Structure formats: structure tokens, C-alpha cells
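Everything on this sheet refers to the single structure shown next.
Numbering of ligands and ligand atoms starts at 1, following listing order. This one's a predicted model, so the numbers in the text were calculated from it and none came from an experiment.
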Amino acid sequence: MIEFRDPSPWTGRSDPEDGDLALRMHHLAGRADAPVALIGFACDAGVRRNKGNPGAAEGPAAIRASLANLAAPGDPRGFHDAGDLTLTGEDPGPGQQALAEHLAPLLARYGRALVLGGGHETAWGSWQGLRRALPGARIGIVNIDAHLDIRAIGPAGPSSGTPFHQIREADPEGFDYAVLGLAEEGNTEALRSRARDWGVAIIEDHALQITADAGFAVIDAISARNDAIYLTIDLDVLPAAQAPGVSAPAARGMPLHVVEALVARVLASGKVRLADIVELCPPRDQNDRTARTAALIARRLLTAS
Ligand SMILES: [Mn+2]
């Protein structure tokens, strides 16, 4: 069953004694001139089917809660909160379709949309929404993730491990996919071989430990040859110490400063129309550490021009 929930009012700390510039992110929600829209995809079905740890449905609320009190940047322009899609049941499919239906008009009206997942099955809804909004556009996909998520669809049906396989099936000619931060140990040779066959650009986590430099050429090339970029960030790319609250914590991972530098480089292309942050699993989080990490990334995606 799919339920649409209007956004709850944003609340948080206010410091009026410090004047008009004492703004936090909760003050920016709902501004009329907002260039960016936010929507939550509260879904556990994809992770459950992928034999993962459930809890991703609580992700959107946890990210909002950690985002609310972060300081706003110096030239805040605000964002529109479009609420949450809440999905119950075994099959993520209807929820993914509903996400696409909600996203397409948001993308027509706003310069950028940010989706808070959900597991990585969120991507199948995200991409379809962008495709509807930009029917003829060349769309490049930049996935910052430990995993390829191109598994073939098995008897259980699509899951959080299959979204980029589904996207390629829908658009084999236009499929242009880059994965930054891949962990060799987290992807079978069957998947790595499939990725080679499909021409997926991959930079492994080993190459992204100290700086983000190894990822910049891939980002610049995919940005240059596409009209729009869909940026998808799986929190399980981070080390388990930074992001314990995911379904599949990473023993190695790549550090937050590298993820932030990669995100900044993708945003600098000026072509990011859609982004999502997926796989936050609040029941497995420790002192909101992962939600706080996700909020730092969300803040950047909501406030970058
Ligand atoms: Mn993933």
C-alpha cells in the first residue's frame, strides 16, 4: 500500500538574539523562491527482498531530523519539502512508480530535486521520474556506492540490488553509468564482469582513500557527454565507523571528505537535476552518526547553486 504524507512543519533551534543571519536549515523549508525540492521515499521492501537489514523506511524522517538544526549557508535560497511516500508490502514496484509520478512535476518546476530513501531501489523510481521530466535528454548516472547494484532480477523480483539493471533494460542505448567507491569484495565477479560488458566506469575505493582526484576525470567526462546528471549516493560507501547505520556497513569504505569532494565536483558540472541519498537504516545507527553524515550531504545538495 502506498500512502502520501504531507510534510510535517520543520522545527528546530532559533537564536533571534543573534539577528537575521542566525539561520538554520529548518528556517529554509518552504520558502516561496526555493530552487530545490525534497521528497522522501519511506520504503523497506527493496532491502528486505535483497536479504538486507530492514529499517530504510525510517530514513527520510531521520535525515530531516539531523538536517533541521544545521546552520544555513551564507546566501540561503530555501527548499520546498514535498512530503513523503510511504510504502508497505513486499513489492517496491508500485511505490517506485508513485515516486516517478511525484518527481516528474517537481523536476519540471524546480531546478533540482533531492530524494531521501529508502534502500537503493529508490533509484528505479528516481530515474523514471527524471526520464519523464526530460524525455529526450541524455542522462548520465553517477553512483557513489560500494556496490554496482546491477544484479539480474531473480524469482523474488526487483530489489535494492537491481535498480541499475532495470534502468539499463529500460534504456540500453542511453545507459551511461559511473560507480565511484566500489568495493571489490562487495561485488561478485559475475557483476564486475557484467559491468565491464556494459562499459560502466568504475573507480574502486582503494583509489579514493586520500583524495577524490581519481574520480574527477570520470565525473568530468560523464558530465560533458550528457545533458543531465542523476547523482545517487549510497551511504554504505562510507566506512562503518562513519556510517554504521546502513544495511551493509563497509569494513573499508571511503572517507567522508572524499565523498564530499566527489559530490562537489559533480555539482560543479551544473547538470545535476536529481540526486538521492539512500540506505540509511536508523534502527542500526549509533547516536545518529549516520543520519548526521547523511544530513551533511543533504545540506550540500539542497543549498549548492
Ligand atoms: Mn547501493
Check your understanding: Are any side-chain N or O atoms of Arg138 and backbone N or O atoms of Asn226, one a donor and one an acceptor, separated by less than 3.5 Å?
Key -> no
Check your understanding: Sequence neighbours excluded, which residues qualify as side-chain contact (heavy atoms from CB on, under 4.5 Å) partners of Gln209?
Key -> Asp205, Arg252, Met254, Pro255
Review point. Would a line drawn from the ring center of His165 to the ring center of Trp198 be shorter than 6.0 Å?
Key: yes
Check your understanding: Hey, are Asp197 and Arg192 close enough for a salt bridge, meaning a charged N less than 4.0 Å from a carboxylate O?
Key -> no
**Study point:** Sub-2.8 Å protein N, O or S atoms surrounding the Mn ion (ligand 1)
**Key:** His120 ND1, Asp145 OD2, Asp149 OD2, Asp234 OD2
Exercise for review: Answer with yes or no after comparing the ring centroid distance for Trp10 and Phe79 against a 6.0 Å cut-off, counting only values under it.
Suggested key: yes
Practice item. State whether the number of non-hydrogen atoms from other residues, nucleotides or ligands found under 6.0 Å of Glu173 atom CD is greater than 12. Key: no
